[in-house]
Amino acid sequence: MTDPRHQAPRAQPEDGTYLRQTKSYVLRAGRIGPGQQRAFDQYGPRYLLDYAPQRLDAEAAFGRIAPLFLEIGFGMGTATAHIAQARPQDNFLACEVHEPGVGALLKLIGEGGIENIRILRHDAVEVLDHMLPEASLDGVHIFFPDPWHKSRHHKRRLIQGPFVNRLARHLKPGGYLHLATDWEPYAEQMHAVLSDEPLLTNTAAEPGPHGCAPKPDYRPLTKFENRGLKLGHGVWDLVFRRA
């Protein structure tokens, strides 16, 4: 049986209307290695949450009450694990559908003894719609979403006005939305979209190019970022806060 999460999203209308079937990801198939499979078997029962169209009991899921941060699309999970270890006072709910990445993060969690991450293998749009009430998040992280370089594919980009509005409404007053990209045209679009959202304001006192903020200390440099910086390529962090 085909997993309905893995079906391609239907096309959106040209007027940009935001439909319920819009997805927060494009699935990339990948092979799960033996170490990742062992991580699924050993750590999955503790750190994986089941999607259900009902409100998440965060206190029960994490075993405590703490500020809650959502990460959408964590890739192989290296930054997620780093941030969670650096901020043990916070809880991190991580959404990803790429199973090798989920396995990799489970391995990092288990080997590092990281207790403040829980993973949902599900589309973040449906998680927002059905599991997280509005004004429930202290922050949202989206690092290096697929930029969809070709102009005819720009409508597939994750960072669009209706989606940002949905994220903003799920933030508590004072909560932040942190985006990062290494593709300058996408940074320009991100800034335009964020600036158009009335619920959000730029945290950068003196914004850099495309409204970017200094990279927050909690976000580590990726190996691709380090390589790009050596070649003179830029990385843009945008951090906006809900009033």
Could you check whether any side-chain heavy atom of Gln189 comes within less than 4.5 Å of a side-chain heavy atom of Gln160, counting everything from C-beta outward? yes
Asp237 side chain reached by Arg219 side chain, heavy atoms, under 4.5 Å: yes
For the CZ atom of Phe62 and the CD1 atom of Ile117, what is their distance to the nearest 0.5 Å? 8.5 Å
Report the residue from Arg169, Arg55, Arg166 that forms a salt bridge (charged side-chain N to carboxylate O under 4.0 Å, His left out) with Asp129. Arg166
Closest non-hydrogen atom pair between Pro88 and Asn116, with its separation: CA-ND2, 3.7 Å
Under 3.5 Å, which donor-acceptor pairs do the side chains of residues 100-107 form with other protein atoms, sequence neighbours left out?
from: Lys107; atom 1: NZ; to: Glu111; atom 2: OE2; distance (Å): 2.9

Suppose we screen for ring pair (Phe, Tyr, Trp, His ring centres under 6.0 Å). Which residues come up paired with Phe69, at least two apart in sequence or across chains? Phe92, Tyr176
Side-chain touch Phe163/Val193, heavy atoms, less than 4.5 angstrom: no
Please identify each residue that fulfils salt bridge (charged side-chain N to carboxylate O under 4.0 Å, His left out) with Asp138, with sequence neighbours left out. Lys172
Would the distance check show the side chain of His170 and the main-chain N or O of Leu132 forming a donor-acceptor pair, the cut-off being under 3.5 Å? yes
With a 4.5 Å cut-off on side-chain heavy atoms, are Met190 and Trp183 touching? no
So Arg241 and Leu200, do their side chains get closer than 4.5 Å, heavy atoms only? no
Backbone N/O of Glu115 and side chain of Arg118: donor-acceptor pair under 3.5 Å: yes
Below 4.5 Å, heavy atoms only, C-beta onward: do Leu56 and Leu49 meet side chain to side chain? yes
Non-hydrogen side-chain atoms of Asp182 and Phe144 separated by less than 4.5 Å: yes
Using the test ring pair (Phe, Tyr, Trp, His ring centres under 6.0 Å), find all partners of Tyr218 that sit at least two apart in sequence or belong to another chain. His141, His178
Give a yes or no on whether the backbone of Ile159 and the side-chain of Tyr186 come within a donor-acceptor separation of less than 3.5 Å. yes
For residues Met76 and Phe40: do they belong to one hydrophobic cluster (side chain heavy atoms under 4.5 Å, members Ile, Leu, Val, Met, Phe, Trp, Tyr)? no
Mind checking what makes salt bridge (charged side-chain N to carboxylate O under 4.0 Å, His left out) contact with Arg87, not counting sequence neighbours? Asp90
Does some side-chain heavy atom of Met131 sit less than 4.5 Å from a side-chain heavy atom of Leu120? yes
List the residues meeting ring pair (Phe, Tyr, Trp, His ring centres under 6.0 Å) with His153, not counting sequence neighbours, and say none if there are none. Trp148
